[in-house]
Amino acid sequence: MKINESSLIPIFIQVAEWLEEEILQGNIKEEEQVPSTNQFATTYSINPATARKGFGLLVEEGILYKKRGIGMFVATGAKEKIQAKAKERFMKETLQSVWKEAQKLGMTKKDIIKLLMELD
């Protein structure tokens with residue numbers, strides 16, 4: 001993981017997004033323990049409170065869960081939750097933007113579908 005301190009995205013969100021990406025890629029599996037926030041903070045030279053805040057976001061979303069005295073683990077169904085969240089963000093951000101630009105260019109939905117079919 002590379003922390004981008006000059007990014008407009010807060011570091012704790014970068015932490016959460018990195019963990020989500022690791023889960024999506026299968027590098028961290030469901031029911032597998034994740035590093036402690038202190039280990040994570042030390043490894044990536046960030047404040048432990050910042051790491052805790054990033055992990056906390058994922059706990060709130062049900063992607064991670066705590067086992068008292070043991071640590072944090074990836075929840076069953078976490079990958080599907082992350083995929084659903086990413087699909088919604090893709091629909092709202094990317095596809096809306098593409099559709100607006102296509103309309104400016106006089107394109108129809110059929111034109112876009114045809115272009116998408118040609119991408120393979």
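Heads up: numbering here begins at 1 and tracks the sequence. These numbers come from the heavy atoms of this one structure, side chains and all, not from hydrogens, waters or symmetry mates.
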ask   = Are the side chain of Ser97 and the backbone of Glu93 linked by a donor-acceptor contact shorter than 3.5 Å?
value = no
task = Please answer: with hydrophobic residues joined when any side-chain heavy atoms are less than 4.5 Å apart, are Ile82 and Phe12 in the same cluster?
result = no
Leu119 atom CG: more than 12 heavy-atom contacts under 6.0 Å = yes
query = How many angstroms lie between NZ in Lys109 and CG in Asp111, if you round to the nearest 0.5 Å?
reply = 12.5 Å
message = Counting neighbours of CD on Glu118 that are heavy atoms of other residues, nucleotides or ligands and sit closer than 6.0 Å, is the number greater than 12?
response = yes
task = Answer yes or no: is there a side-chain heavy-atom contact under 4.5 Å between Asn38 and Arg52?
result = yes
inquiry  = Are more than 12 heavy atoms, taken from residues, nucleotides or ligands other than Lys114, located less than 6.0 Å from that residue's NZ atom?
reply    = no
ask   = Do Ile11 and Gln14 touch side chain to side chain, with heavy atoms closer than 4.5 Å?
value = yes
message = Using 30° and 60° as the class boundaries, would you call the ring planes of Phe40 and Phe55 parallel, tilted or perpendicular?
response = perpendicular
request  = For residues Gly54 and Ala16, report the shortest heavy-atom separation together with the two atoms involved.
outcome  = O-CB, 3.6 Å
ask   = For the atom pair CG (Leu95) and CZ (Arg89), what is the distance rounded to the nearest 0.5 Å?
value = 13.0 Å
task = Enter the distance from Met72:CE to Leu58:CG here, rounded to the nearest 0.5 Å.
result = 9.0 Å
Pairwise distance CG(Leu64) to CG(Leu19) - rounded to 0.5 angstrom = 6.0 Å
Presence of salt bridge, Lys104 and Glu101, under 4.0 angstrom = yes
Sub-4.5 Å side-chain heavy-atom contact between Glu20 and Ile23 = no
key: Point-to-point distance, once rounded to the nearest 0.5 Å, from CD1 of Ile46 to CD of Glu5   = 9.5 Å
inquiry  = Determine whether a donor-acceptor pair (N or O, by modelled atom type, separation under 3.5 Å) exists between the side chain of Gln33 and the backbone of Ile70.
reply    = yes
key: Backbone N/O of Ala78 and side chain of Glu30: donor-acceptor pair under 3.5 Å   = yes
note = Between Ser6 and Asn4 the two heavy atoms that sit nearest each other are OG-OD1, 2.9 Å
query = With a 4.5 Å limit on heavy-atom distance, are the side chains of Ile113 and Lys110 in contact?
reply = no
request  = Report yes if some heavy atom in the side chain of Glu31 is under 4.5 Å from a heavy atom in the side chain of Thr76; otherwise report no.
outcome  = yes
query = Does the side chain of Ile13 reach to within under 4.5 Å of the side chain of Leu57, using non-hydrogen atoms?
reply = yes
query = So Leu24 and Gln83, side chain to side chain contact (heavy atoms under 4.5 Å, CB included) or not? Walk me through it.
reply = CA-CA 8 Å; Leu24 281 177; Gln83 286 173 327; 3.5 Å; yes
inquiry  = Let's go through Trp99 and Ile112 carefully: what are the C-alpha distance in whole Å and the side-chain angles of both, what is the deciding distance for side chain to side chain contact (heavy atoms under 4.5 Å, CB included) to 0.1 Å, and is it a yes or a no?
reply    = CA-CA 9 Å; Trp99 177 236; Ile112 293 171; 3.5 Å; yes
ask   = How long is the span from the CG atom in Asn27 to the CH2 atom in Trp18, to the nearest 0.5 Å?
value = 8.0 Å
key: pair Val34-Glu22: side-chain heavy atoms closer than 4.5 Å   = no
